[in-house]
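Here is how names work: the chains are called A, B, and so on, in the same order as the sequence lines, proteins then strands, and each is numbered from 1.
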Protein chains: 2
Amino acid sequence: MTDFSHDTPECKKAILAVHDAMDVLSGKWKIYIIAALCFNSKRYSDLLRDVRGISGKMLSRELKDLEMHRLVKRTVMDTQPITVSYELTPYGQKLKEVINQLAVWGMEHRNMIIEEMRNN
Amino acid sequence: MTDFSHDTPECKKAILAVHDAMDVLSGKWKIYIIAALCFNSKRYSDLLRDVRGISGKMLSRELKDLEMHRLVKRTVMDTQPITVSYELTPYGQKLKEVINQLAVWGMEHRNMIIEEMRNN
DNA sequence: CTGTATCCACCTTGATACTG
DNA sequence: CAGTATCAAGGTGGATACAG
């Protein structure tokens, strides 16, 4: 097991837990996809538009990954032509608070950047 | 501006905020480094050990990045030989809640995996 | 609409050796 | 101890074409 420098056991546990989480969430697009699914289920084409800059290949690859980890549920709708809906599983929904905190920080961050530009 | 499918304005704002946050946090190692610095300031060599798998090159590169974004403060200690201490800035500390939520989820996730293995 | 297959450029990363 | 320089390798991801 890794040996941490000055950290108490609780610190180490938290740090390892972050690793456990990131094992699933690492990858260039996962967080964005989960964020996009946080509020509504969406179709493939919706995600392709809402996740800025992602390509079709990457989207399906990452979705498959998230599905495998039980974070996302894929549902084929019986339409003509078929459409596919993606949504967070109850388990994936537990990530909402992470996403929420990220959003909170992102807003603060953006405000700081704007503030900084004003001071130049 | 991106056009989101069914999302309300608040949803869109949150999703964009996540992007703002990830602009700074993306990269294979940033989250791990921040997590490692969440509880204690650490030296370069401490981080090299505590961030599992990172190489020296990547560590200094990512630290430089984090420093540029004002999340991390670098302090050269006047020892022989010199040592360098890294710590979260007050601004970087605001990420603690993100890290904490990640850790919470990571523990749940690990427990689910263990539970699953038990059922096989 | 929802993907998959292929090809390829590029970037990221690791290893190693080196500096102050 | 705390990095930097260089090189090579592999993975990541985009474009395109195609399939069900």
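Ring planes of A/His109 and B/Tyr91: parallel class, angle under 30° (limits at 30 and 60°).
Taking a 4.0 Å limit (strictly below) on heavy-atom distances, residues 18-38 of chain B does not reach DNA chain D anywhere.
Residues that satisfy the salt bridge (Lys or Arg N to Asp or Glu O under 4.0 Å) test with A/Arg74, not counting sequence neighbours, are absent from this structure. Take A/His19 and apply the ring-ring contact (aromatic ring centres under 6.0 Å, His included) test, not counting sequence neighbours, and it matches B/Tyr32. For B/Arg110, the salt bridge (Lys or Arg N to Asp or Glu O under 4.0 Å) partners are A/Asp20, not counting sequence neighbours. Taking B/Thr83 as the reference, B/Thr79 meet the side chain to side chain donor-acceptor pair (under 3.5 Å) condition, with sequence neighbours excluded. Residues passing the salt bridge (Lys or Arg N to Asp or Glu O under 4.0 Å) test with B/Arg70, sequence neighbours excluded: A/Glu116. For A/Asp65, the salt bridge (Lys or Arg N to Asp or Glu O under 4.0 Å) criterion is met by A/Lys30, not counting sequence neighbours.
For the pair B/Leu47 CG and D/dG3 C1', the computed distance is 13 Å after rounding to whole Å. B/Leu48 has its CG atom 11 Å from the C1' atom of D/dC1, to the nearest Å. B/Leu59 places its CG atom 8 Å from the P atom of D/dG3, with the value rounded to the nearest Å. In this structure, A/Asp65 atom CG and D/dG13 atom C1' are separated by 15 Å, rounded to whole Å. Spacing between atom CE of B/Met58 and atom P of D/dT4 amounts to 12 Å, rounded to whole angstrom units. When rounded to the nearest whole Å, the span between CD1 of B/Ile54 and C1' of D/dA2 equals 14 Å.
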What pairs of donor and acceptor atoms, side-chain ones from residues 92-107 of chain A against any protein atom, are under 3.5 angstrom apart with sequence neighbours left out?
residue: A/Gln93; atom: OE1; partner: A/Lys96; partner atom: NZ; Å: 3.1
residue: A/Lys94; atom: NZ; partner: B/Glu108; partner atom: OE1; Å: 3.1
residue: A/Lys96; atom: NZ; partner: A/Cys38; partner atom: O; Å: 3.4
residue: A/Glu97; atom: OE2; partner: A/Asn100; partner atom: ND2; Å: 3.4
residue: A/Glu97; atom: OE2; partner: A/Gln101; partner atom: NE2; Å: 3.1

Atom pairs, protein N/O to nucleotides 1-5 of chain C N/O, distance under 3.5 Å:
residue: C/dT2; atom: OP1; partner: A/Val84; partner atom: N; Å: 3.1
residue: C/dT2; atom: OP2; partner: A/Ser45; partner atom: N; Å: 3.0
residue: C/dT2; atom: OP2; partner: A/Ser45; partner atom: OG; Å: 2.7
residue: C/dG3; atom: OP1; partner: A/Arg74; partner atom: NE; Å: 3.2
residue: C/dG3; atom: OP1; partner: A/Arg74; partner atom: NH2; Å: 2.6
residue: C/dG3; atom: OP2; partner: A/Tyr86; partner atom: OH; Å: 2.5
residue: C/dT4; atom: OP1; partner: A/Lys64; partner atom: NZ; Å: 3.0
residue: C/dT4; atom: OP2; partner: A/Ser60; partner atom: OG; Å: 3.4

